[in-house]
Amino acid sequence: MKNVMLVLLGITALSFAEVSGDMVAGYLDRIGEDLAYEREENEFILLVSTADSSQVPYMYILVDPEMDGCLLVALTPGIVPESGAERTAALETLAQLNWNNTWVKFTNDPETGEVTAMYTFTTENGLGYESFTIMINLLLGTVDENWEILSTI
């Protein structure tokens with residue numbers, strides 16, 4: 001009985017372990033050697049190689065242990081125009097995309113017009129590898145499913 005209690009306490013401690021940049025780096029490394037990224041403490045930029053062998057960013061990840069949260073941001077081809085009917089149409093498209101997607105939210109940077117897709121989640125109860133990879137795939141899959149729409153913005 002004593003050993004069972006120790007095992008349960010150990011499992012509980014692991015499930016409430018602080019999520020850190022090192023943990024996320026380990027998960028990204030575990031995904032595979034084809035995944036390239038740059039890291040600065042708790043921030044990550046995922047990179048894809050182009051045909052000319054240059055690397056282009058496609059996702060940003062921020063782990064915030066103090067806030068018990070993680071933010072995933074995927075870049076998209078969309079750019080919201082500065083003004084005019086095209087801007088209104090682009091913002092309406094983003095509103096419709098947000099209405100259609102429960103988990104992923106689309107937004108634009110008011111300074112650059114760039115459209116991104118975001119997914120934020122709590123890490124207060126830990127973060128497992130499977131959950132982390134599912135969330136990345138959900139975000140990238142949503143961008144991929146809406147690529148044509150995003151390309152027209």
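Side-chain atoms of V115 and V80, non-hydrogen and from C-beta on, do get closer than 4.5 Å to each other. A 4.5 Å side-chain heavy-atom check between E114 and I79 finds at least one atom pair inside the cut-off.
Y27 is linked by a ring pair (Phe, Tyr, Trp, His ring centres under 6.0 Å) to Y129, F132, counting only residues two or more places apart in sequence or in another chain. Under the side-chain hydrogen bond (donor to acceptor under 3.5 Å, both in side chains) criterion, R39 pairs with D22, not counting sequence neighbours. By the side-chain contact (heavy atoms from CB on, under 4.5 Å) test, T50 pairs with D52, S54, V56, sequence neighbours left out. In this view, N98 and K105, F106 satisfy the side-chain contact (heavy atoms from CB on, under 4.5 Å) rule, not counting sequence neighbours. For D34, there are no side-chain contact (heavy atoms from CB on, under 4.5 Å) partners, not counting sequence neighbours.
Residue M67 is not grouped with residue V63 when hydrophobic side chains (ILVMFWY) are merged at heavy-atom distances under 4.5 angstrom, including chains of intermediate members. One hydrophobic cluster holds both L35 and L138 under the rule that ILVMFWY side chains link at heavy-atom gaps under 4.5 Å. In terms of hydrophobic clustering, with Ile, Leu, Val, Met, Phe, Trp and Tyr side chains grouped at heavy-atom distances under 4.5 Å, W147 and L97 are assigned to a common cluster.
In this structure, Y119 OH and T142 OG1 are separated by 10.0 Å, a value rounded to the nearest 0.5 Å. Rounding to the nearest 0.5 Å gives a distance of 9.0 Å between CD1 of I149 and CD of Q96. Atom-to-atom distance recorded for L139:CG and M135:CE is 11.0 Å, nearest 0.5 angstrom. Separation of atoms CG (L150) and CG (D144) is listed at 10.0 Å; rounding is to 0.5 Å. Rounded to the nearest 0.5 Å, atoms OG1 (T76) and CG (N146) are 10.0 Å apart. Going from atom CD1 of I153 over to atom CD of E86 covers 13.0 Å, rounded to the nearest 0.5 Å.
Remark: side-chain polar atoms of N101 are not paired, donor with acceptor, to backbone N or O of W103 under 3.5 angstrom.
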Practice item. Could you walk me through whether D109 and T116 pass side-chain contact (heavy atoms from CB on, under 4.5 Å), step by step? Key: CA-CA 8 Å; D109 183 328; T116 57; over 6 Å; no

Exercise for review: Could you please spell out the steps behind the side-chain contact (heavy atoms from CB on, under 4.5 Å) verdict for L28 and I136?
Suggested key: CA-CA 10 Å; L28 293 173; I136 287 178; 4.3 Å; yes

Practice item. Could you walk me through whether V104 and V143 pass side-chain contact (heavy atoms from CB on, under 4.5 Å), step by step? Key: CA-CA 9 Å; V104 173; V143 170; 5.6 Å; no

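When all heavy atoms of P57 and L75 are compared, the pair lying nearest together is O-CD1, 3.4 Å. Shortest non-hydrogen contact noted between Y37 and A25 is OH-O, 3.5 Å. Taking every heavy atom of both residues into account, R30 and E130 meet most closely at NH2-OE2, 4.3 Å.
Hydrophobic clustering, defined by side-chain heavy atoms of Ile, Leu, Val, Met, Phe, Trp and Tyr closer than 4.5 Å, groups I45 together with L47, Y60, L62, L71, V73, M118.
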